[in-house]
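In what follows, a single structure is set out as structure tokens and then discussed.
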Amino acid sequence: MLIKSRRPWELPEAAATPEALFFNRRKILTTAGAIALSGALASCDAKSSAAVKTGTDPSAKFYPAKRDPLYKLDRALSPERVVETYNNYYEFGTEKEIYEDAQALPIRPWSVSIEGEVEKPFTVAVDDLIAKMPLEERLYRHRCVEAWAMAVPWTGFAMKSLVDLAKPLSKATFVEMQTFMKPDVASGQRQPWYPWPYTEGLTMAEATNPLAFLVTGVYGKPLPKQMGAPLRLAVPWKYGFKSIKAIVRFRFQSAQPKTYWQTVGPTEYGFWANVNPKVPHPRWSQASERLIGTEQRVPTQLFNGYAEQVAAIYKGMGGLGDRLYR
Ligand code: MTE
């Protein structure tokens with residue numbers, strides 16, 4: 001595959017934008033609804049609330065789901081409007097403000113296929129899958145590799161429930177996940193130097209860890225398109241790029257999947273991607289993170305604060321050294 005090396009304007013924002021400018025822009029977004037700003041910004045704000053409406057989603061009846069009290073936060077939830085208008089979704093562009101463009105993605109009908117080393121491969125309509133699964137709400141942190149973070153009330157189901165439904169064979173040691181491929185509506189996918197479709201992967205131990213969560217909703221309603229509707233992953237102990245959006249395929253296999261970001265930048269975005277404040281990204285520190293919505297900067301924790309739940313998965317993998325956490 002021909003991979004073009006990234007140009008300066010394609011760098012993650014934390015690296016590409018001087019911090020003062022970057023912080024200013026977030027601040028404007030955060031307070032745009034609260035204070036009278038220029039006409040341009042005010043109309044941008046009105047568009048944003050229209051863009052995040054999900055009232056016609058056929059799964060709306062399932063929300064809000066009961067909150068699982070096991071999953072608590074040590075910080076306030078991030079403001080909904082900020083979370084839903086500040087996104088990473090390269091299929092729709094490299095900017096954070098892709099929420100309007102993402103509305104072009106048709107999310108019904110939507111099929112999810114279960115393939116590879118399973119008892120019997122099958123395809124399921126996303127609404128049938130959602131109806132079958134034990135939906136619950138969980139409060140999770142999310143830490144992007146770009147050093148911004150948020151705290152979000154996801155609704156969804158444990159990925160283990162999907163693995164149980166898939167009935168993988170014993171030789172399946174990894175699960176590869178893929179996003180849709182629709183260059184007609186997703187302008188980013190018309191840029192051939194990226195390795196589309198977006199692909200991610202987990203080991204079976206990771207996929208069946210109780211924290212691995214398949215997300216169908218947020219803030220007590222169906223997931224908006226810009227956040228990965230109708231089905232995305234949330235693996236909160238890993239950098240956010242692992243949490244693949246708009247999944248159409250789960251492939252159970254014995255080979256480690258070749259992921260999208262690993263292909264784009266193998267020295268910067270590894271397969272494991274566990275959050276680790278002690279291992280800097282080659283171009284910036286990972287010691288602290290910026291909370292979107294408040295702009296507060298707080299220390300980053302190993303495994304994003306979820307070490308108790310996941311550290312055991314990586315015992316005995318010392319041979320990978322620091323690369324384990326990249
Ligand atoms: N999934 C797809 N298909 N395409 C993407 O560009 N970006 C990832 C992840 N999942 C991405 C994706 C990154 S880098 C992050 S930080 C999170 O989505 C952002 O999720 P959010 O936009 O809901 O905050």
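Each ligand, and each atom within it, is numbered from 1 in the order the structure gives. Throughout, numbering of the chain's residues begins at 1 and tracks the sequence. No hydrogens, no waters, no symmetry mates; every other heavy atom, side chains included, goes into these values.
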> Contact residues of ligand 1 with a heavy-atom cut-off of under 4.0 Å?
Replying inline: Asn87, Asn88, Tyr89, Tyr90, Glu91, His142, Cys144, Trp148, Met150, Thr179, Tyr198, Met227, Arg232, Gly240, Phe241, Ser243, Ile244, Lys245

> By the rule that ILVMFWY residues connect when side-chain heavy atoms come within less than 4.5 angstrom, directly or transitively, which residues belong alongside Leu291?
Replying inline: Val298

> How about Phe213 and Tyr71: are their ring centres within less than 6.0 Å of each other?
Replying inline: no

> What residues, two or more places apart in sequence or in another chain, satisfy side-chain contact (heavy atoms from CB on, under 4.5 Å) together with Asp101?
Replying inline: Phe92

>> Run the side-chain contact (heavy atoms from CB on, under 4.5 Å) test against Val248 and tell me which residues pass, sequence neighbours left out.
In response: Trp110, Phe180

> Ion pair present between Glu206 and Lys238, side-chain N to carboxylate O less than 4.0 angstrom?
Replying inline: yes

> Can you tell which of Thr173, Leu169, Val163 makes a side chain to side chain contact (heavy atoms under 4.5 Å, CB included) with Phe252?
Replying inline: Val163

